[in-house]
Amino acid sequence: MSRTMSVLGFSPNSRIDKTLLDKFLRLPVPENKWQATYIWIDGTGEYVRAKDRTLTSVPKSLKDYPIWNYDGSSTYQSEGANSDIYLHPVAVYNDPFRPGKQSSLVLCETYKYNKEPTESNKRRVCAEAMERAAEHKPWFGIEQEYTLLDMDNRPFGWPTNGFPGPQGPYYCGVGADRVYAREIVEAHYRACLYAGIDIAGTNAEVMPAQWEFQVGPGEGMKCADDLWVARYILHRIAEEYGIVVTLDPKPIPGNWNGSGAHCNFSTLAMREDNGIIEIEKAIDKLSKQHVRHIQAYDPKGGQDNVRRLTGHHETSSIHDFSAGVANRGASIRIPRSVAEEKKGYLEDRRPSSNCDPYSVCNALVRTCILDE
Ligand code: ADP
Ligand code: MN
Ligand code: MN
Ligand code: MN
């Protein structure tokens, strides 16, 4: 095989022996030294970036992580002449990539030179909404669907010429001919638990090489913060295997399911007896704000999600609002168990897999609780 042939389609990472790293990760870290990985959302509003620094004292809480900066002209976030963007730490997680060592993951918000949030910092307005809605104790649980790709953009494990057999056997499937790269899913699940993320579960999805994990339920900002860090961990683990994670909502056109980020939402009143009345009130409010929500549910104001929300493949049409019990073809689904118990939560099925969960949670709270 020629050199080009062997490289085509494979990440160079997949050829590196990862077990060697272990002997270096076992080296003791000097006392009072701490490695911090700062993570942020770049100008696409969809991808994460990260860089590392050594702290010279052991951080005890969030405030011990200093504000830092980076070159925003290299992340689609500013002009070269005025390029510094500030990183404000907002949440700290255990670092699954240096287990048991003096290190942590630090989720950050981004701010411009004039101290204003960057355009891709959707967290600021979301946090403000959560503060105002705090007494209603809003909970969120997000189902993150995603697809694994090889380096030439083909779903991982798909034949190079042609397609796998039609959808049917793959969802929650078991077996070498049904699911691909479970290693990544298993590694990610454990890494998220170690990090302190409220990961709720995981399953193989309808299209081969498509998977899902769920985060939540988390109150206020917790679910969206967790989801961003869980995405970082997923990209980072897949990188080690030489596999690419795409959050594109419709990676393969045609008769293949797309990827969503269903957002399950409840308030204290919805979770109490006869909360179904509150759930129905929220659905009524949502029905009047469909366009606003579609705009908030992908990074391009609906331009990505329009490929997915066709009214087929377990989706509703992007143009219409609908709701129903156990209906996976509706914008909003009331789970069967919620209808039976007359309390619980609703599922908003519209958010795209590449949504910013801060924008989704923000829109839900402003429509359903703050009546904006
Ligand atoms: P589906 O049947 O749509 O595939 P999943 O089991 O994948 O549902 O996901 C359900 C999600 O709902 C989980 O993330 C869970 O944490 C979340 N959830 C459960 N109860 C609530 C609640 N009361 N409020 C908000 N989210 C909830
Ligand atoms: Mn699910
Ligand atoms: Mn799913
Ligand atoms: Mn769902």
Side-chain angles (χ1 to χ4, degrees), residues 139-148 155 167-174 178-182 184-186 188-189 192 197-218 223-224 226-227 230-231 234 245-252 255-266 270 279 282-283 286 293-294 297-298 304-305 307-318 321-341 344-355 357 360-361 363-364:
W139 288 7
F140 303 89
I142 300 181
E143 303 165 52
Q144 177 69 66
E145 294 177 333
Y146 61 94
T147 304
L148 301 175
Q167 294 184 160
Y170 311 113
Y171 170 73
C172 299
V174 183
R178 282 148 202 248
V179 295
Y180 306 130
R182 192 189 295 278
I184 290 176
V185 176
E186 282 289 313
H188 176 255
Y189 199 162
C192 284
I197 289 163
D198 289 330
I199 184 165
T202 178
N203 59 268
E205 267 304 335
V206 175
M207 185 178 83
Q210 186 189 35
W211 293 86
E212 169 178 318
F213 66 88
Q214 305 94 28
V215 168
C223 178
D226 278 8
L227 181 57
R231 285 175 175 180
L234 182 60
V245 175
T246 181
L247 301 185
D248 189 280
K250 192 82 177 183
I252 306 294
N255 241 346
W256 301 98
N257 272 31
S259 298
H262 302 164
C263 186
N264 300 274
F265 167 65
S266 65
M270 292 178 190
I279 292 173
I283 291 174
L286 288 167
H293 281 257
I294 289 296
Y297 285 1
D298 78 44
D304 275 333
N305 224 352
R307 290 181 281 124
R308 161 181 169 260
L309 293 177
T310 56
H312 305 287
H313 304 107
E314 301 180 51
T315 71
S316 57
S317 162
I318 197 167
F321 181 88
S322 56
V325 174
N327 184 353
R328 288 173 194 268
S331 317
I332 306 288
R333 162 177 156 254
I334 298 173
R336 173 84 60 208
S337 60
V338 172
E340 276 165 10
E341 289 169 32
Y345 60 96
L346 61 85
E347 178 193 44
D348 191 336
R349 300 177 58 82
R350 297 170 293 176
S352 172
S353 45
N354 63 352
C355 70
V360 173
C361 296
L364 283 167

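Numbering of ligands and ligand atoms starts at 1, following listing order.
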> Any idea how many protein N, O or S atoms are nearer than 2.8 Å to the Mn ion (ligand 3)?
Replying inline: 3
> If you check every N/O/S atom of E347, which is the one nearest the Mn ion (ligand 4)?
Replying inline: OE2
> Can you list the residues that meet the salt bridge (Lys or Arg N to Asp or Glu O under 4.0 Å) rule with E347, with sequence neighbours excluded?
Replying inline: R333, R349
> When rounded to the nearest 0.5 angstrom, what is the spacing between CZ in F140 and CG in L364?
Replying inline: 6.0 Å
>> E212: which residues meet the side-chain hydrogen bond (donor to acceptor under 3.5 Å, both in side chains) condition with it, sequence neighbours left out?
In response: Q214
>> My understanding is that only residues two or more places apart in sequence, or in another chain, count here; which of them pass ring pair (Phe, Tyr, Trp, His ring centres under 6.0 Å) with H293?
In response: Y297
> Going by atom types only, do N257 and Q167 share a side-chain donor-acceptor pair under 3.5 Å?
Replying inline: yes
> Got a second to check how far S353's OG is from N305's CG, nearest 0.5 Å?
Replying inline: 8.0 Å
